Asker: 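To start, I am sharing the structure in question, which I have written as C-alpha cells.
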Amino acid sequence: MVAAQVATPADVLGIWSWDPGVLIGLVLAAVLYAVGLGRSARGRLGLFPWWRPAFFYAGLLVIAVALVSPLDALAHELFSAHMVQHVLLSTVAPPLVLLGAPFLPLLRGLPRALRRRVVAPLAHNAMVRRTLTAVTQPLAAWLLYTGLFWAWHVPVLYDLAVRHTAVHILQHMVFFGTVLLFWWNVVDPIPLRAHLRHPVRILYLFVTTIPNSALSAYLALSTTPWFASYLDTTRVWGLAPLEDQSLGGLIMWVPGGLLYLLAISGVFFSMPEARDERAREQGA
C-alpha cells in the first residue's frame with residue numbers, strides 16, 4: 001500500500017483558488033460598480049466622493065485575499081488560518097464594501113433591460129420589501145449573525161464544511177450574507193439608512209463582542225481539540241492540533257476584538273457629522 005502524500009508548506013502556499021464562482025462574482029462586482037458610478041449623475045453631486053470607491057474596491061480586495069489567495073488552501077490545513085479567513089470576511093470586508101455605498105452603482109451598472117424587467121419588479125414587490133425590512137432589523141440581523149457564527153463552529157458542521165467543498169462554499173455564502181445584514185445596522189447603506197442611531201450602534205457593536213469573545217475564549221483555552229479535520233494536518237507546520245486551535249481562538253479574540261473596537265471608534269467620531277446631517281434634513 002502506498003502512503004498518502006502529505007502536502008508540504010511550500011505546496012500549500014503555492015496554491016491559488018481559481019474558483020469560477022468567486023472570480024466571476026468579484027470581477028462582475030468591480031465592473032458593475034465602475035460602470036454604475038460612471039452613469040450616476042449623483043456621483044457629480046458629492047454622493048460618491050473618492051473615498052467611497054476606494055473603500056469598496058478595498059473590500060473586494062480583502063475578499064480576494066480571503067478566498068483566492070493561498071490563505072484559502074492554508075485554511076484547510078490550519079484552524080488558525082481559517083480564523084484569519086473568517087476575521088477578514090466578517091469584520092474587515094463587509095464594512096469596507098458598505099462604506100462604498102454599493103447599491104446604486106451596482107444597480108445602475110446593470111443593463112437597462114435587466115433593471116426594468118427584473119430588478120424594478122423585485123424592488124417594488126411587497127413581499128420582497130417586507131422580507132428585506134425584517135431581516136435587516138437590528139435584533140433579527142444580530143441573532144442571524146451570532147447564531148450562525150456559533151452554529152458553524154459546532155464540530156460536526158465545521159468538519160463537514162472543511163471536508164466538502166460545496167458545504168464550505170455554502171458556509172461562506174451564508175456567513176457573508178448574514179454579516180452584511182449585521183453591518184447594515186452599523187454602516188449606513190447609502191442611499192438607505194441603518195435602523196439605529198449612532199449611540200445605539202456603539203452599544204450594538206459592544207454587545208456583539210460578548211458572544212464572539214466567549215467562543216474565542218472557549219477555543220483558546222480548551223484542553224482538547226474540537227475539530228477532527230485538523231488532527232492530521234497541523235504537524236507539518238510545527239503545531240500540535242491543540243496549539244493550532246488555541247492560536248485560532250486568540251486570533252478571533254484579540255485581532256477580532258480590536259477590529260470591533262476600531263468600528264466603535266469610527267461610529268463615535270462620526271456622530272457629530274451625523275447630527276449635522278439630521279439637522280440639515282430637519283431644516284430643509
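All heavy atoms count here, side chains included; hydrogens, waters and symmetry mates do not. Keep in mind that this is a model prediction, so the values were computed, not measured.
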Asker: When hydrophobic residues are tied together by side-chain contacts of less than 4.5 Å, even through go-betweens, does I169 share a cluster with L71?
Answerer: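 No, because I169 and L71 fall into different hydrophobic clusters, even though each may have its own neighbours under 4.5 Å.
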Asker: Between L74 and W237, is any pair of side-chain heavy atoms under 4.5 Å apart?
Answerer: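 Heavy-atom side-chain distance check passes, below 4.5 Å.
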Asker: Okay, side chain of D244, backbone of L78: is any donor-acceptor separation there less than 3.5 Å?
Answerer: no
Asker: Minimum heavy-atom separation for G238 to E243, with atom names?
Answerer: O-OE1, 4.3 Å
Asker: Parallel, tilted or perpendicular: which fits the ring planes of H153 and F149, with parallel below 30° and perpendicular above 60°?
Answerer: tilted
Asker: Side-chain contact, heavy-atom cut-off 4.5 Å: P95 with V186?
Answerer: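 No; the side chains remain at least 4.5 Å from each other.
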Asker: Examine distances only and state if a side-chain atom of W150 and a backbone atom of P211 form a donor-acceptor pair shorter than 3.5 Å.
Answerer: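 Yes.
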Asker: Drop me the distance from T224's OG1 to W226's CH2, to the nearest 0.5 angstrom.
Answerer: 8.5 Å
Asker: Working to the nearest 0.5 Å, report the span between CG of L61 and CG of L26.
Answerer: 9.5 Å
Asker: Counting N and O atoms only, with roles assigned by atom type, does the side chain of D188 sit under 3.5 Å from a partner on the main chain of R193, one being a donor and the other an acceptor?
Answerer: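 Looks like no, no N/O pair under 3.5 Å.
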Asker: Taking A81's backbone N and O only, do any of them form a donor-acceptor pair with Q85's side chain (distance below 3.5 Å, no angle check)?
Answerer: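 No; zero donor-acceptor contacts below 3.5 Å.
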Asker: If you measure from CZ on F176 to CG on L181, what distance do you get to the nearest 0.5 Å?
Answerer: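 So the gap between those two atoms works out to 11.0 Å.
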Asker: Quick one: are P102 and R52 in side-chain contact, heavy atoms under 4.5 Å?
Answerer: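 No - every pair of side-chain heavy atoms lies 4.5 Å or more apart.
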Asker: Determine yes or no for a side-chain-to-main-chain donor-acceptor pair under 3.5 angstrom, with W183 supplying the side chain and S90 the backbone.
Answerer: yes
Asker: Does one side chain, of T136 or H195, offer a donor that lies under 3.5 Å from an acceptor on the other?
Answerer: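 Their side chains do contain a donor-acceptor pair, which is all the 3.5 Å distance test asks for.
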Asker: When hydrophobic residues are tied together by side-chain contacts of less than 4.5 Å, even through go-betweens, does L114 share a cluster with L107?
Answerer: yes
Asker: Should we count CZ of R163 as having more than 12 external heavy atoms under 6.0 Å?
Answerer: yes
Asker: Quick one: pull up OG1 in T146 and CG in N212 and give me the separation to the nearest 0.5 Å.
Answerer: 8.0 Å
Asker: For H82 and Y158, test the side chains for any donor-to-acceptor distance below 3.5 angstrom and give the result as yes or no.
Answerer: yes
Asker: Looking at V31, L32, L37, which one forms a side chain to side chain contact (heavy atoms under 4.5 Å, CB included) with V35?
Answerer: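 Result: among V31, L32, L37, V31 is the only option passing the side chain to side chain contact (heavy atoms under 4.5 Å, CB included) with V35.
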Asker: Kindly work out whether a path of hydrophobic side-chain contacts (I/L/V/M/F/W/Y, heavy atoms less than 4.5 Å apart) joins V87 to W152.
Answerer: no
Asker: Got D19 and L67 here, is their nearest side-chain heavy-atom distance under 4.5 Å?
Answerer: no
Asker: Using atom types as modelled and distance alone, determine if a side-chain donor or acceptor of H124 lies under 3.5 Å from a backbone N or O of A120.
Answerer: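 Yes; judged by distance alone, with no hydrogens or angles, the pair exists.
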Asker: Please round to the nearest 0.5 Å and tell me the distance separating atom CE of M173 and atom OG1 of T178.
Answerer: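 Spacing of CE (M173) from OG1 (T178) equals 12.0 Å.
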Asker: Identify which one of W51, Y33, W50 satisfies the ring pair (Phe, Tyr, Trp, His ring centres under 6.0 Å) criterion when paired with Y57.
Answerer: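 Only match with Y57 under ring pair (Phe, Tyr, Trp, His ring centres under 6.0 Å): Y33.
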Asker: Taking S222 for its side chain and L219 for its backbone only, find out whether a donor-acceptor pair lies under 3.5 Å.
Answerer: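 Pair absent, no side-chain N/O of S222 close to backbone of L219.
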Asker: According to the interplanar angle, ranging from 0 to 90°, do the rings of W18 and W16 count as parallel (below 30°), tilted (30 to 60°) or perpendicular (above 60°)?
Answerer: parallel
Asker: Between Q171 (side chain only) and V162 (backbone N and O only), is there a donor and an acceptor less than 3.5 Å apart?
Answerer: no
Asker: Report whether F79 and V154 are members of the same hydrophobic cluster (ILVMFWY, side-chain heavy atoms less than 4.5 Å apart, transitive linking).
Answerer: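 Each belongs to a different hydrophobic cluster.
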Asker: Taking I210's backbone N and O only, do any of them form a donor-acceptor pair with S213's side chain (distance below 3.5 Å, no angle check)?
Answerer: no
Asker: Just wondering, are more than 12 heavy atoms of other shown residues or ligands nearer than 6.0 Å to CZ in R129?
Answerer: no
Asker: Do W184 and L259 sit in one hydrophobic cluster, given that two such residues count as connected whenever their side-chain heavy atoms are within less than 4.5 Å of each other, even indirectly?
Answerer: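 Yes: a chain of side-chain contacts under 4.5 Å links W184 to L259.
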Asker: How long is the straight-line distance from CG of L261 back to CZ of F206, given to the nearest 0.5 Å?
Answerer: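 Output value for this atom pair is 11.0 Å.
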Asker: Between S246 (side chain only) and A220 (backbone N and O only), is there a donor and an acceptor less than 3.5 Å apart?
Answerer: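 Yes, the answer is positive, given that a donor and an acceptor are paired below the 3.5 Å cut-off.
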Asker: Are M127 and T131 close enough that some pair of their side-chain heavy atoms sits under 4.5 Å apart?
Answerer: yes
Asker: Give a yes or no on whether F103 atom CZ has more than 12 heavy-atom contacts from other residues, nucleotides or ligands under 6.0 Å away.
Answerer: yes
